[in-house]
Amino acid sequence: GDETHVNYNRILLSSVLAGERAADEITLNPVEWYVRNDIALHVGARVGGVDPVLKTVTTEDGRCTRYDKLLLATGSAPFMPPIEGLDKDGVLAFRTLDDTRALLARSGRGVKAVVIGGGLLGLEAARGLQVQQCDVTVVHLMPTLMERQLDSTGGAYLKDKMEALGIAVLLGCSTKAILGGTRVEGVELADGRRIAADLVIVAAGIRPNVELGRKA
């Protein structure tokens with residue numbers, strides 16, 4: 001696996017961000033489980049290539065492993081939309097345990113956080129950051145929240161509930177650019193409005209990691 005941790009319950013990352021669970025509490029299988037079941041575990045080892053003729057898997061650090069059968073379970077990665085300034089310090093995704101730890105390290109009272117994306121993951125990130133006493137604004141491209149799961153009535157109800165928690169929600173808004181020098185200072189919307197921000201979380205959906213399978 002390319003992450004440097006043993007496997008964990010990714011669904012519970014929002015609970016870690018909200019301070020309801022510690023990172024150790026969402027571990028699925030500790031290192032001892034792999035040893036006990038005679039499984040060789042390599043963490044922090046990103047696979048760069050597969051040779052289906054020689055039946056080998058090669059990691060980016062040069063380690064080569066032979067196989068008889070190969071299972072690709074590469075998951076997905078955050079989709080980063082074409083927004084100017086995504087490379088600035090303070091722009092983060094919310095997908096991995098490392099992402100969660102980075103968000104926790106940067107959150108706190110008075111920190112202005114803008115979440116781009118009003119789907120399930122974005123709203124979980126928004127709520128977790130608000131629990132950490134950040135001032136949170138959700139910017140969503142669509143006219144209702146969680147439009148993939150909810151109809152317009154449900155989306156409107158959810159917006160009211162989020163706002164009742166103290167989270168600002170802006171709907172039908174496209175993010176044009178992340179403002180600031182090397183570090184995030186704000187977000188500019190397509191309609192010209194600007195929102196001050198110390199932290200920007202991009203939760204605009206995910207894309208499957210299919211490139212390794214294509215190369216193979």
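Arg63 is linked by a salt bridge (Lys or Arg N to Asp or Glu O under 4.0 Å) to nothing, counting only residues two or more places apart in sequence or in another chain. Every residue meeting the side-chain hydrogen bond (donor to acceptor under 3.5 Å, both in side chains) condition with Gln130, not counting sequence neighbours, appears here in chain and number order: Arg127. Applying the salt bridge (Lys or Arg N to Asp or Glu O under 4.0 Å) test to Glu20 and every residue at least two apart in sequence or in another chain returns nothing. Under the side chain to side chain contact (heavy atoms under 4.5 Å, CB included) criterion, Arg193 pairs with Leu170, Cys173, Leu189, Asp191, not counting sequence neighbours. For Glu25, there are no side-chain hydrogen bond (donor to acceptor under 3.5 Å, both in side chains) partners, not counting sequence neighbours.
In this model, no donor atom of one side chain and acceptor atom of the other lie less than 3.5 Å apart for Asp24 and Tyr8.
A heavy-atom distance below 4.5 Å is not found between the side chains of Glu185 and Lys88. Leu129 places a side-chain heavy atom less than 4.5 Å from the side chain of Ile201. Looking at Val200 and Ile116, their side chains come closer than 4.5 Å, going by heavy atoms from C-beta outward.
Among residue pairs with one or both ends in residues 96-118, those qualifying as salt bridge (charged side-chain N to carboxylate O under 4.0 Å, His left out) are Asp89-Arg106; sequence neighbours excluded.
Counting heavy-atom neighbours within 6.0 Å of Arg21 CZ, excluding the residue itself, gives a total of 12 or less.
Electrostatic pairing of Glu3 and Arg10 counts as a salt bridge here, judged by a charged N lying under 4.0 Å from a carboxylate O. Under 4.0 Å is where a charged nitrogen must lie from a carboxylate oxygen, and between Lys215 and Glu211 no such pair does.
With Val184 as the fixed residue, the side-chain contact (heavy atoms from CB on, under 4.5 Å) test singles out one of Leu179, Val114, Leu199, Val91: Val91.
Scanning both residues, Ser107 and Gln132, for their nearest heavy atoms gives OG-CB, 3.6 Å.
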